[in-house]
Amino acid sequence: MALITWIETPHTRTALLGDVPVCTIKVKDIGGCTALWLNGMLWPAPAHMPKAPMQSGCFFSSVADAKLAIELQLNKLSS
């Protein structure tokens with residue numbers, strides 16, 4: 001399991017793997033948030049758009065959902 005720590009500011013959360021920032025979550029004024037990889041990783045295409053290219057950013061309805069998705073992706077890499 002990857003050791004992930006979070007730095008939290010009012011509109012941004014940054015995931016650290018060890019001491020290296022790997023992903024940021026930016027909270028949107030209109031609701032939801034966007035998670036952006038900083039280390040070259042990509043999010044898979046959405047299920048409703050299977051032919052879409054993988055992207056560095058992904059929209060989530062809540063910060064909790066984004067954090068969970070980031071932690072799951074990082075834990076997949078470490079196992």
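In this chain, numbering begins with 1 at the start of the sequence shown. Not measured: the values here are computed from a predicted model.
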Which residues, ordered by chain and number, are linked to Leu72 in its hydrophobic cluster, where ILVMFWY side chains connect at heavy-atom gaps below 4.5 Å, directly or through other members? Leu68
Pairs where residues 55-69 contributes a residue and the test salt bridge (charged side-chain N to carboxylate O under 4.0 Å, His left out) is met, not counting sequence neighbours: Glu8-Lys67
Pairing residues for Trp37 by the ring-ring contact (aromatic ring centres under 6.0 Å, His included) criterion, not counting sequence neighbours: Trp43
Got a sec, which pairs hit ring pair (Phe, Tyr, Trp, His ring centres under 6.0 Å) with one end in residues 6-32, sequence neighbours left out? none
Output a table of donor-acceptor pairs, distance under 3.5 Å, between side-chain atoms of residues 19-33 and any protein atom two or more places apart or on a different chain; print 'none' if there are none.
none

Using 0.5 Å steps for rounding, measure from the CD1 atom of Ile7 to the OG1 atom of Thr12. 11.0 Å
Anything under 3.5 Å between a donor and an acceptor, one on a side chain of residues 46-57, the other on a protein residue two or more places apart or in another chain? List them.
none

Is any side-chain heavy atom of Val63 closer than 4.5 Å to a side-chain heavy atom of Arg13? yes
